[in-house]
Participant: 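The following block contains the structure, expressed as structure tokens.
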There are 2 protein chains.
Amino acid sequence: MARVGLTAERLTTAGAELADEVGFDQVTVSALARRFDVKVASLYSHVRGSHDLRTRIALLALEEMADLAGEAVAGRSGRDALAALANVYRDYAREHPGRYAAARLRLDPETAAASAGVRHARLTRAILRGYALEEPDQTHAVRLLGSFFHGYVSLELGGGFSHSAPDTDTTWLRTLDALDALLRNWPKPVP
Amino acid sequence: MARVGLTAERLTTAGAELADEVGFDQVTVSALARRFDVKVASLYSHVRGSHDLRTRIALLALEEMADLAGEAVAGRSGRDALAALANVYRDYAREHPGRYAAARLRLDPETAAASAGVRHARLTRAILRGYALEEPDQTHAVRLLGSFFHGYVSLELGGGFSHSAPDTDTTWLRTLDALDALLRNWPKPVP
DNA sequence: GGGGTTACCTAAAGAGTATAGGCAGAGAGT
DNA sequence: ACTCTCTGCCTATACTCTTTAGGTAACCCC
């Protein structure tokens, strides 16, 4: 009865790797047990179940992305900062598609509030300091950017823009240009 | 052995209703069989399996949305058309969250090409006729809009903007204003 | 009303989730 | 070094869902 040294942390990172390899919705307690060459029931001492495992992977992914985003944005402003932040999401999704999918898992409100999700919102708000936006337009812009990043990366990852000209790298650069221009010329509310 | 009158179509619409009630990923062949008060194996004469069922629901949702979008956009242009199209997606997602989730299912390329997804792309391109955009900027804009619509609706549905001021209806209107302004002043590529 | 098609059935195997309870290996204290 | 205790991993079990194989009865046509 050799002890493998399971912990919630090791299960979470192994689950994240598994997600990147086979897809987030193929991450099961059974598959993870196989990966550690251990019986399924053994995992239930460390993780409350399938939902708990997925949530932990999601929180890990959110933290990793927030760390990367924090580094990327530091010392930049304006279009530079915008592109740096956007590229973090896009690159992360490409390198870690399973983790990225995990990060899109719907968390219950308390978990979400305690997650790194709030850092993402703060970072997005931070890059808007380079643009002259007052509240509530700043919040509108944060939501627009968040929606666009999420939508673009999801669609690109899902093959939504597949194999049609122009290539998606060009679109990515040009849409970031466009968003930069939009933030610099944010329209006044029509009264 | 009373015959219930199962067909692929009835299973698909019932599956769509089930998705809206309990969530798309809770749509199972078993649950559907229970809903028709029929044994599970009976469904396999009409539907090839779980994946096939989900795909059919996805295609149904795409068609429904394309129909609504087509009606909404007809006879409008400019900001009017933009808002009409955007509202179709948002309203559909709110009224039919399960179907909307289904529509986001990743389809294999052949299925996707034969789906109503292509109508969505054409409709988005159509509303850009009201703005002076040449290729390839038109494609960039189509992708930007698609990404934003998808991202916004997903995040809003997932509670991403939950319960914080300003309310999301206001953000929705103001971001549509912003996108309209962006399309009218699309930036030239920086050489 | 018989005959064929087919709609729905029973039966069964395989995989995932989850819980209850048991044994033995690791660490702590004397 | 020795025991004691804790706990990590185990076996066993029950439930759900998926999928296939093969049977029976209801409907449709002539």
Side-chain angles (χ1 to χ4, degrees), chain A residues 1-60 97-99 101-102 104-108 111, chain B residues 1-60 98-99 101-102 105-108 111:
Chain A
M1 221 181 254
R3 301 202 169 187
V4 187
L6 301 179
T7 64
E9 285 69 32
R10 288 192 63 198
L11 290 177
T12 306
T13 57
E17 289 164 16
L18 186 59
D20 288 335
E21 291 167 21
V22 302
F24 182 58
D25 34 42
Q26 308 298 323
V27 173
T28 84
V29 181
S30 302
L32 206 51
R34 275 193 294 276
R35 168 163 293 219
F36 280 98
D37 200 35
V38 140
K39 295 297 171 185
V40 185
S42 308
L43 302 202
Y44 281 82
S45 323
H46 305 279
V47 152
R48 288 221 310 279
S50 187
H51 182 65
D52 184 36
L53 174 64
R54 286 158 192 275
T55 303
R56 286 170 188 268
I57 298 173
L59 295 176
L60 173 68
R99 284 161 149 98
R104 305 270 44 113
L105 182 68
R106 184 167 182 170
L107 303 172
D108 46 305
T111 313
Chain B
M1 219 183 260
R3 300 204 171 188
V4 189
L6 300 180
T7 64
E9 285 68 33
R10 287 192 64 198
L11 290 177
T12 306
T13 59
E17 288 164 17
L18 185 60
D20 287 336
E21 291 167 21
V22 302
F24 182 58
D25 34 43
Q26 307 298 322
V27 173
T28 81
V29 182
S30 302
L32 206 51
R34 275 194 294 276
R35 167 162 294 220
F36 280 99
D37 201 35
V38 140
K39 294 298 170 186
V40 186
S42 309
L43 302 202
Y44 281 81
S45 323
H46 305 279
V47 153
R48 286 221 312 279
S50 187
H51 182 66
D52 183 36
L53 174 63
R54 288 159 190 274
T55 303
R56 285 170 188 269
I57 298 174
L59 294 175
L60 173 68
R99 284 162 150 97
L105 182 68
R106 185 166 181 171
L107 303 172
D108 46 306
T111 315

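Naming: A, B, ... by sequence-line order, numbering from 1 per chain. Note that this is a predicted model, so its numbers are computed, not measured.
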Participant: From the set dT19(D), dT10(C), dA25(D), return the single nucleotide nearest to any side-chain atom of Y44(B).
Facilitator: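 Nearest to the side-chain atoms of Y44(B), counting from C-beta on, is dT19(D).
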Participant: How bent is the helix from dG1(C)-dC30(D) to dT30(C)-dA1(D), measuring the angle between the end axes built from five pairs each, rounded to 10°?
Facilitator: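 The end axes of the helix from dG1(C)-dC30(D) to dT30(C)-dA1(D) are about 10° apart, to the nearest 10°.
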Participant: Testing the basics here: between R99(A) and A16(A), what is the closest heavy-atom pair and its distance to 0.1 Å?
Facilitator: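 What the structure gives for the nearest pair is CZ-CB, 3.7 Å.
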Participant: Under 4.0 Å between a side-chain N/O of H51(B) and OP1 or OP2 of dT18(D), yes or no?
Facilitator: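 Checking H51(B) against dT18(D): no side-chain N or O falls below 4.0 Å of OP1 or OP2.
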Participant: What distance separates T28(A) OG1 from R34(A) CZ, expressed to the nearest 0.5 Å?
Facilitator: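 It comes to 5.5 Å.
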Participant: Give a yes or no on whether D108(A) atom CG has more than 12 heavy-atom contacts from other residues, nucleotides or ligands under 6.0 Å away.
Facilitator: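 Correct, the count exceeds 12.
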Participant: Would you tabulate the pairs of protein nitrogen or oxygen atoms and nucleotide nitrogen or oxygen atoms of nucleotides 13-16 of chain C closer than 3.5 angstrom?
Facilitator:
unit_1  : atom_1 : unit_2 : atom_2 : d
dG16(C) : OP1    : R34(A) : NH2    : 3.1
dG16(C) : OP2    : R34(A) : NH1    : 3.1

Participant: Please report, rounded to the nearest Å, how far the C1' atom of dT16(D) is from the CD atom of Q26(B).
Facilitator: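 The answer, rounded to whole Å, is 12 Å.
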Participant: Report the C-alpha separation of L59(B) and L107(B) in whole Å, then their side-chain angles, then the decisive distance to 0.1 Å, and conclude whether the side-chain contact (heavy atoms from CB on, under 4.5 Å) test is met.
Facilitator: CA-CA 9 Å; L59(B) 294 175; L107(B) 303 172; 4.0 Å; yes
Participant: Would you check if R10(A) and F36(A) make a side-chain contact, meaning some heavy-atom pair closer than 4.5 Å?
Facilitator: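 Yes, at least one pair of side-chain atoms sits under 4.5 Å.
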Participant: May I have the step-by-step check of side-chain contact (heavy atoms from CB on, under 4.5 Å) for V27(B) and L32(B), ending in yes or no?
Facilitator: CA-CA 7 Å; V27(B) 173; L32(B) 206 51; 5.6 Å; no
Participant: Could you state the CG-P distance from D52(B) to dT18(D), rounded to the nearest angstrom?
Facilitator: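 Atom CG in D52(B) sits about 13 Å away from atom P in dT18(D).
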Participant: Whole angstroms only, please: what is the CG-C1' distance between L11(A) and dC9(D)?
Facilitator: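 So the CG-C1' distance, L11(A) to dC9(D), works out to 12 Å.
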Participant: Nearest heavy-atom pair of L11(A) and L53(A): which atoms, and what distance?
Facilitator: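 Smallest interatomic distance, heavy atoms only, reads O-CD1, 4.1 Å.
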Participant: Output the single nucleotide from dC8(C), dT20(D), dA20(C) whose closest atom is nearest the side chain of A41(B).
Facilitator: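 Closest nucleotide among those given: dT20(D).
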Participant: State which residue, out of R54(A), R56(A), R48(A), fulfils the side-chain hydrogen bond (donor to acceptor under 3.5 Å, both in side chains) condition with D52(A).
Facilitator: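 Among the candidates, only R56(A) passes.
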Participant: K39(B) has an atom NZ; how far is it from atom C1' of dT24(D), in whole Å?
Facilitator: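 Atom NZ in K39(B) sits about 16 Å away from atom C1' in dT24(D).
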Participant: If I take atom CG in residue L6(B) and atom P in nucleotide dT6(C), what distance separates them, rounded to the nearest angstrom?
Facilitator: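 The distance from CG of L6(B) to P of dT6(C) comes to 15 Å, rounded to the nearest Å.
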Participant: R3(B) has an atom CZ; how far is it from atom P of dT5(C), in whole Å?
Facilitator: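 The distance from CZ of R3(B) to P of dT5(C) comes to 14 Å, rounded to the nearest Å.
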Participant: Can a side chain N or O of H46(B) be found less than 4.0 Å away from OP1 or OP2 on dT6(C)?
Facilitator: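 Indeed not, no polar side-chain atom of H46(B) lies that close.
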Participant: I need the minimum non-hydrogen distance between Y44(B) and G49(B), along with the two atoms involved.
Facilitator: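 So the minimum-distance heavy-atom pair works out to CE2-CA, 3.7 Å.
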Participant: Taking CG from L43(A) and P from dT11(D), how many angstroms apart are they, rounded to a whole number?
Facilitator: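 That distance rounds to 14 Å.
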Participant: Applying a 4.0 Å non-hydrogen cut-off, can you work out what V40(B) is touching in the nucleic acid: base, sugar-phosphate, or nothing?
Facilitator: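 Contact class for V40(B): base.
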Participant: Does dC10(D) have OP1 or OP2 sitting under 4.0 Å from an N or O in the side chain of S42(A)?
Facilitator: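 Indeed, a polar side-chain atom of S42(A) lies that close.
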